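Data block below; observations after.
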Amino acid sequence: MNREVEKLLPLVQKPARYIGGELNCIIKNKDDIDLRFAFCFPDSYEIGMSHLGMKILYSLINERPDSWCERVFAPWEDMEKVMRERNIPLFALESGDYIKDFDVIGFTLLYEMSYTNVLNMLDLAGLPVRSADRKSLSPLVIAGGPCVCNSEPLSEFIDVFEFGEGEEVMNELLDLYKEYKAKNASKDEFLIAASKIEGIYVPSLYDVEYNDDNTVKRIIPKSGAPEKIRKRVVSNFDKCYYPDKFIVPYIDVVFDRATAEIFRGCIRGCRFCQAGFIYRPIRERKADTINEQCRALCETSGYDEISLCSLSSSDYTQLPELLSKLLDWTIPNNINIALPSLRADNFPDELVKKLNEVRRSSLTFAAEAGTQRLRDVINKNVTEEEILTTSAKAFAGGWTAVKLYFMLGLPTETLEDVEGIAKLAQTVVDEFYKNPDKPKGKGVNVSVSASSFVPKPFTPFQWEPQDTQEMLAEKQEHLKNSITSKKIKASCHYIPVSFMEAVLARGDRRLCDVIETAWRSGCKFDSWDDFFDYDKWMDAFKKCGIDPHFYANRKREYDEVFPWEHMDVGVRKEFLIEENKRAHAGLTTPNCREKCAGCGAAKLNGGKCDAMHKSVV
C-alpha cells in the first residue's frame, strides 16, 4: 500500500474502501507488463463492487499477460477532503499507485447522475478534465456503459467511448494502444486509428451544427471517422468471456453475491425501457454453461447466494432446466438462488415449486402502470388478472411480501391512472386474505415504489416530453392520498433528480459547459439525496445561458435530428416511430417470441436473434 495513503486511513469512516488486498484481487509485477489500466467506477466502493460489468472487464484485462487492470472508486467525502488537504492524488486499490501515471483510465457510465463524479475523479487524479487539455497519449481516458448511447454531454471530457459490449472491443483497443505507444505515436494519430475499430466513438472527430431553434442540424465526421458508429455486439454469448472468480470485499456492499448473466436483451419491448432496446438482439447462455459458472464462482469466492441476472429472468427459455441443475448442489450447500426481474405473466407453477426449495425472500414485479389502458400504451402486456393470479400462486407458496414497481408521468397518464396504482396494490392485499392456502398466522406487506418517467434515447418514447416537476408532484400526492391500507407502503423518487436525469439523458455537447460549471460549484455524487444540490445545477444552467427545460420537457417531432443520431444501436428509427404511434393509439405489440416486429437489431449479429431461434432480417 502507498505509505502516504496509509496515513489517511485513521482519518476516514470506512478505511476498507481504500486498502485493496481482498480475496481474488490481482497483483502483478509492474516490470512484467506493458499496459496499466485504471478501471474507474464513478461512485462509492459499495456501489462499484456490486457492478457485474466491472467484474467481467477487470478479469478480462488481467488475463492479458501484458496488462494490469486495477480498481478505482470515487472517494467518499471524508477521504476526498484529506486527500485534497495533503495533495494526495487519486490512486488505484491494488498497487496504491497514482492513476495519472497509468496508460489508460477507463470509466463505466451506468447513470447520468454520475457525470460530475467523472470530472471530480479526473481532477483528483491531477489531470485536466477536458480532453483537449490532455495532450499526450498517456493517460488515455476512455468510457463505456449504457450511457454511451448518448455520450454527448461528456464528449469534451472523454477521449474514446466504447459503444456496446466490451468483451471483444476492449482487447482490440488495448492492442492498438500498445502498438501506437511502442512507436511513440501522438494522441491524435492514435485517435484517428481507433475510430476505425467497430464500436469505437472518438467525439473529437465530429463537429455539430445547430439550427436557429437550438436543435441539432447535422453531425459532421472528420479525418475519416465513420458517419455512423455501430454498436459492438458479442455474437456467441455462450462462448463469451466470463470470470471464474469475483473479488470478495471486506465490507458490506449493495449486492455481495455470485452473479450469473443468463441472457442479454429482452423480448418484451416495453416502450419506456432503454435497456430493452439497446441490449438487443436476444442472446442466451446454455443452462450447462451457467451452472458451471455459478459453481466456479461459489467455490472460488465462498458466496452463499447466486443471482440469475437478466432484464427479464423468467423469459429465459431454459429456466426450469437451469434451476434443476443448480438445486442439485446449492441445496446441500445452503446456497440461495435469487431471481430478479420476474414477470407477472410468466410465473408457472413449476417455477413456484423450484423457488420453494430455496430460501424465500420477497417477490418483485414491475407492473409499471396502474390501469390496463396505460399498460397497453407502454406495451407492458401484463393484465391485472395475471398480476393477481401470480400473487395468489406466490401467497399459496408461502410468500408474504410483494414489491410492485410503477412509474409516474408516463405518456398519456391521467390522475385516474395514478389512482389505479393504489387500487391495484389493494387488490393484491385482498388476494392474500381471501387465499385459503396463505401462510397461517401471518399478514401481507405490499411495497409500492413509484419512480418518475424519464424519456431516454433509442426508445419509442424518446420523442415524448417529461412531465413538469409540478405535474409530477401533483401525481405523487394523489398516489399517497389514494392509499388507504396500512398493508401498503408507498415510496416515490425525488423529482428534481429525475428532471436532471432527463436533461442529461437527451442532452447534446453544449451541456459539457453546464456539467463542468456545476462540478466546479461543488456538485458531485448527484445520485445521492444527501449530496444532490438542485439550486447549484440551476445556477450552472443560468451561467451557461442554457434552458434545461429544452431537453427535459419539450416534445420532439419525428424528423428532428437527435444529438445521438450518429450512434447505431441496431434498432431502426422507423421501428421506434411506429411503436410511438402505436402507443398513442393504445395498441400493443407482441413480444419477440410471439412475432418478430422487425426492429432491425439482428443485423448486428449476422441476422441472428435467439428470440426467434432462427435468422431474421
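Note that the coordinates shown come from a computational prediction; the quantities given were computed from them, not determined experimentally.
Salt bridge Arg593/Glu284: present, at least one basic N to carboxylate O contact under 4.0 Å. For Lys603 and Asp568, the salt-bridge test passes: some basic side-chain N is under 4.0 Å from an acidic carboxylate O. Ion pairing between a basic and an acidic side chain is recognised when a charged N comes within 4.0 Å of a carboxylate O; Lys475 and Asp467 show such pairing. At a threshold of 4.0 Å, the pair Arg283-Glu261 does not count as salt-bridged, since none of the basic side-chain nitrogens sits closer than that to a carboxylate oxygen. Ionic pairing of Arg271 and Glu579 is present here: one or more N-O contacts between side-chain nitrogen and carboxylate oxygen are shorter than 4.0 angstrom. Lys555 has a carboxylate O that lies under 4.0 Å from a charged side-chain N of Glu464, or vice versa, which qualifies the two as a salt bridge. The pair Lys456-Glu501 meets the salt-bridge criterion, with a side-chain N (NZ, NE, NH1 or NH2) lying under 4.0 Å from an Asp/Glu carboxylate O.
The only option from Arg506, Arg554, Lys573 that meets the salt bridge (charged side-chain N to carboxylate O under 4.0 Å, His left out) definition with Glu560 turns out to be Arg554. With Ser452 as the fixed residue, the side-chain contact (heavy atoms from CB on, under 4.5 Å) test singles out one of Met471, Gln476, Met407: Gln476.
Here Leu322 contributes atom CG and Ile290 contributes atom CD1; the two are 5.0 Å apart, rounded to the nearest 0.5 Å. Rounded to the nearest 0.5 angstrom, Thr468 OG1 and Phe499 CZ are separated by 9.5 Å. The distance from the CD atom of Glu419 to the OG1 atom of Thr414 is 9.5 Å, given to the nearest 0.5 Å. A distance of 11.0 Å separates OG in Ser59 from CE in Met54, rounded to the nearest 0.5 Å. Interatomic distance, Phe395 CZ to Thr400 OG1, rounded to the nearest 0.5 Å: 8.5 Å.
Listed by chain and residue number, nothing satisfies the ring-ring contact (aromatic ring centres under 6.0 Å, His included) test with Phe406 (two or more places apart in sequence, or in another chain). Contacts of Asp417 classified as salt bridge (Lys or Arg N to Asp or Glu O under 4.0 Å), with partners at least two apart in sequence or in another chain: Arg373. In this structure, the side-chain contact (heavy atoms from CB on, under 4.5 Å) partners of Glu384, at least two apart in sequence or on a different chain, are Arg375, Leu388, Leu424, Thr427. Under the rule for a ring-ring contact (aromatic ring centres under 6.0 Å, His included), the partners of Tyr558 that lie at least two apart in sequence or sit in another chain are Trp463. Take Leu587 and apply the side-chain contact (heavy atoms from CB on, under 4.5 Å) test, not counting sequence neighbours, and it matches Arg582, Ala585.
No hydrogens or angles considered: nothing links the side chains of Thr588 and Asp376 as a donor-acceptor pair under 3.5 Å. A side-chain N or O of Glu63 and one of Tyr241 form a donor-acceptor pair less than 3.5 Å apart. A donor-acceptor contact closer than 3.5 angstrom is absent between the side chains of Asp508 and Trp564.
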Problem set entry | Criterion salt bridge (charged side-chain N to carboxylate O under 4.0 Å, His left out) on Arg264 and Glu167, from CA distance to verdict | CA-CA 13 Å; Arg264 279 189 190 162; Glu167 286 94 341; 2.4 Å; yes
For this session: Please step through side chain to side chain donor-acceptor pair (under 3.5 Å) for the pair Asp43 and Tyr111, ending with a clear verdict.
Result: CA-CA 10 Å; Asp43 210 317; Tyr111 184 35; over 6 Å; no
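Considering every non-hydrogen atom in both Val448 and Ala425, the closest pair reads CG2-CB, 3.7 Å. Closest approach of Phe453 and Pro411 over heavy atoms only: CE2-CD, 3.8 Å. Contact between Leu410 and Ala369 at its shortest, heavy atoms only, is CD1-CB, 4.3 Å. Minimum interatomic distance between Met170 and Leu60 (heavy atoms only, all atoms of both residues): CB-CD2, 4.3 Å. Closest non-hydrogen pair, Cys294 versus Leu308, comes out as SG-CD2, 4.3 Å. Nearest heavy-atom pair, Leu110 versus Pro146, reported as atom, atom and distance to 0.1 Å: CD2-CD, 3.8 Å.
At least one donor-acceptor pair under 3.5 Å links the side chain of Asp238 to the backbone N or O of Lys286. Formation of a donor-acceptor pair under 3.5 Å by the Lys380 side chain with backbone atoms of Ala366 is found in this model. Although no hydrogens or angles enter the test, the distance criterion places a donor-acceptor pair under 3.5 Å between the side chain of Tyr316 and the main chain of Ala287. A donor-acceptor pair is defined here as one N or O able to donate and one able to accept, closer than 3.5 Å; such a pair exists between the side chain of Ser50 and the backbone of Val254.
Using a 4.5 Å cut-off on side-chain heavy atoms (C-beta onward), Ile197 and Val169 make contact.
Stacking of Lys231 on the aromatic ring of Phe163 is not recorded, the 6.0 Å distance cut-off and the 45° axial limit not both being met.
In this structure, Phe525 and Trp528 have perpendicular ring planes: the angle between them is above 60°, well past the 30° mark.
In this structure, His51 has its ring center at least 6.0 angstrom away from the ring center of Phe255.
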Check residues 273-281 and write down every donor-acceptor pair under 3.5 Å in which the side-chain atom is one partner and the other belongs to a residue at least two apart or another chain.
| unit_1 | atom_1 | unit_2 | atom_2 | d |
| --- | --- | --- | --- | --- |
| Gln274 | NE2 | Pro457 | O | 3.2 |
| Arg280 | NE | Gly276 | O | 3.0 |

